[in-house]
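Presented below is the structure to which this report refers.
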Amino acid sequence: MPADTDPSTASRPRGGRPKLAVWKFASCDGCQLTLLDCEDELLGIAGQVEISYFLEASSAAGPGPYDLSLVEGSITTEDDARRIRHVREVSRRLVTIGACATSGGIQALRNHADVTEFLSVVYARPDYIRTLDTSTAISAHVPVDFELRGCPIDRGQLIEVICAHLSGRTPDVPAHSVCFECKRRGTVCVVVARGTPCLGPVTHAGCGALCPAYGRGCYGCFGPSDSTNFPAFVPLLRRDGMDTLDVRRVLSTFNTAAPEFDAAARKDPQT
Amino acid sequence: MTDRDTTTAVIGKDGVDALISVLAGRGRTVVGPTVRDGAIVLAELTRGDELPYGWGVELEAGHYRLRAREDGAAFANSAGPNSWKTFLHPQRERQWTAERRTGSGDDTDTDSREAWVVVPDETPSRSYAFLGVRPCDLRAIAIQDRVLTGGPYADRAYRGRRERAFLVVVECTEPGATCFCVSMGAGPGVDGGSDASYDLALTEVVDAAGHRFHVRAGSAEGAAVLAELPHRPADDTTAAAARERVAAAAGRMGRTMPEVDLRALMRDSLGAERWNDVAARCLTCGNCTMVCPTCFCTSAEDVTDLTGDHTERWRRWESCFDLEFTHLPGGTVRSSSSSRYRQWCTHKLGTWHDQFGSSGCVGCGRCVVWCPVGIDITEEAHALADERAAGEGGTS
């Protein structure tokens, strides 16, 4: 559900600093920690925005409404589904941070499985557990102003999103492939020069092409790029040694429920 | 170039070592080929033994492997993953910075109004020496010269780097399986009509008489540098061996373009079925444009800091395979893969002539090698030529 993204409506409010809130749903907290990890910039951020609601950092929760809400995590319970509607109501702009909030996260592996069976195997008292059958992205429930990719998100991109919000401009967060970042960085292509399976050609940029810089293939942490061609790409993974199960697994990680990854993983690559 | 200095000489490996130290001593950052991460890349060099002595390459569409060579040659390998544009037209460059000057609140006083003070980025250009510029890449530099400095809005930063660069060409004696410089008239020799000047041109010869380099000076500075190297006068045997090796290389191109007017072929092929065929294979990942030594497109991004009082404009490499490249208020103009591949191919081989007076392709083969799925521009051009011929046959 796209929200009204007119950048002219987002900027510094008159009088006082804009209020920032950070919300958590089903997630590992790694993306919120990225904000705390902005060591050099954290004081600058705190000087420009009022960090009003951020339970990971402080139990002092300021009242809404908030100018900018950063939302981590996916929707996995009825309570989550109610709470995200509240978050939307009290937020002028809502930005999802990370793979869970943007595509449902690793926990979306449940989407094609039998959750009742999981409950009976995992929990001594399954009747204590109240959960949905699916893990879904925030955008499946409320309008979202911007989605920041990654598992976890990139620190520099998070700061860029906050700076862009403060200036009322569009964040500079390209949606093209990781290959762009590899080539700009001067990394030798691991597919062409080594035959290493790599999700780079179909994966959204943002990490700075970290894994190929260390000689490993891309794991797709940032989910699909804005222009993918899986029917042409999957045979490349197979050429480089992946069998049907490998292909399914490599596409079924942090962004398993991203529609492009999901469709490619569930299609028999042999056909 | 009629005024070229015709000084010739022969140098050994010690001469190449000396060349690097002499150029560094003249204040230049020496860049040349070296083995890194399983490929022969272009990087800063400090010593001659960093050159890829004893390394060749095995190339195919979507495939690159290093192969040891018994003859110990340093330059018996064709284009690697990066090109000289990495240094002359870097992937990211700041254009200017701007600071907000806080106003006094009195808007009637012009000097105290809030205003932006813009400071252009004028970092002094580095002075490079490029060692091992292949004739195809010399042509590519000449093409980028025309694109970036040939018009009314010259790129001053590029021009600064270009004017200060010292070019050591090494003629090609070992073309790869993906090379087609002969089809594009860009090599393998330096006198094959390349339109950029060079300072020194080397041809590597390894035979029973030893490992040596035939050298020609192409500029006064080139001749002066050559005079500082341990060298001996060029002998007829070495000169002839150098000529023979380059001539033989011309006959060993791994690829050819169809022998038709490619510009006309592109113009006639805008509606070809082949674009859909290639689109089914293309990942639109942008690799071909990033490795191409002539692709020059960039985007400009303005960034602000947290305070909003400091802003910068950065230019970075962009690609016609990126959806954002043609994003206008109404949406993306070239949304299909076929339209994006067609744009790249027809520009490179066709409309580049209209814009810049030459083809945009030099036949280096990088786009063929570094395409993960091995899409081959020569194969596509042959297919387009066949499709046009079949169409003409069908209508006559």
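Just so we're clear, the structure is a prediction, and the values are computed from it rather than from any experiment. Lettering of chains follows the sequences in order, A, B, ..., and the numbering in each one begins at 1.
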Who wins among [options] for the most heavy-atom pairs under 4.5 Å with chain A?
| options | value |
| --- | --- |
| Gly38(B), Cys282(B), Pro372(B) | Pro372(B) |
| Glu60(B), Arg36(B), Arg281(B), Arg92(B) | Arg281(B) |
| Pro81(B), Gly62(B), Pro90(B) | Gly62(B) |

Segment of [X] engaging chain B (4.5 angstrom heavy-atom cut-off):
| X | value |
| --- | --- |
| Arg239(A) | side chain |
| Leu236(A) | side chain |
| Pro201(A) | both |

(request) Report the distance from atom CZ of Phe321(B) to atom OG of Ser177(A), rounding to the nearest 0.5 Å. (result) 11.0 Å
Atom group of [X] that falls short of 4.5 Å from chain A, counting heavy atoms:
| X | result |
| --- | --- |
| Asn82(B) | neither |
| Ala279(B) | backbone |
| Thr304(B) | both |
| Glu318(B) | both |
| Val57(B) | neither |

Taking atom [atom1] of [X] as the centre, does the number of heavy atoms from other residues, nucleotides or ligands within less than 6.0 Å exceed 12?
| X | atom1 | value |
| --- | --- | --- |
| Arg185(A) | CZ | yes |
| Glu58(B) | CD | yes |
| Leu43(A) | CG | no |

Tell me the closest heavy-atom pair linking [X] and [Y], and the distance in Å.
| X | Y | answer |
| --- | --- | --- |
| Pro174(A) | Arg316(B) | CG-NH2, 3.4 Å |
| Ala39(B) | Val188(A) | CB-CG1, 3.8 Å |
| Ala280(B) | Ala232(A) | O-CB, 3.4 Å |
| Gly44(A) | Leu306(B) | C-CD1, 3.7 Å |

(message) Just to be sure I understand the criterion: a residue of residues 322-340 of chain B counts if one of its heavy atoms is under 4.5 Å from a heavy atom of chain A. Which ones qualify?
(response) Asp322(B), Leu323(B), Arg340(B)
(message) Please identify, among Val178(A), Thr187(A), Asp172(A), the residue contributing the most non-hydrogen atom pairs under 4.5 Å to chain B.
(response) Asp172(A)
(message) Do His176(A) and Thr284(B) have side chains that approach each other closer than 4.5 Å (heavy atoms only, starting at C-beta)?
(response) no
(request) Keeping the roles fixed (side chain from Asp305(B), backbone from Cys163(A)), state whether a donor-acceptor pair exists under 3.5 Å. (result) no
(request) Kindly say whether Val192(A) contributes a backbone atom to a donor-acceptor pair with the side chain of Arg65(B) at under 3.5 angstrom? (result) yes
Below 3.5 Å, can you tabulate the donor-acceptor pairs from side chains in residues 285-299 of chain B to any protein atom, sequence neighbours excluded?
{"unit_1": "Asn287(B)", "atom_1": "OD1", "unit_2": "Lys183(A)", "atom_2": "NZ", "d": "2.9"}
{"unit_1": "Thr289(B)", "atom_1": "OG1", "unit_2": "Gly286(B)", "atom_2": "O", "d": "2.8"}
{"unit_1": "Thr289(B)", "atom_1": "OG1", "unit_2": "Ser319(B)", "atom_2": "OG", "d": "2.9"}
{"unit_1": "Thr294(B)", "atom_1": "OG1", "unit_2": "Lys348(B)", "atom_2": "NZ", "d": "2.9"}
{"unit_1": "Thr294(B)", "atom_1": "OG1", "unit_2": "Gly360(B)", "atom_2": "O", "d": "2.7"}

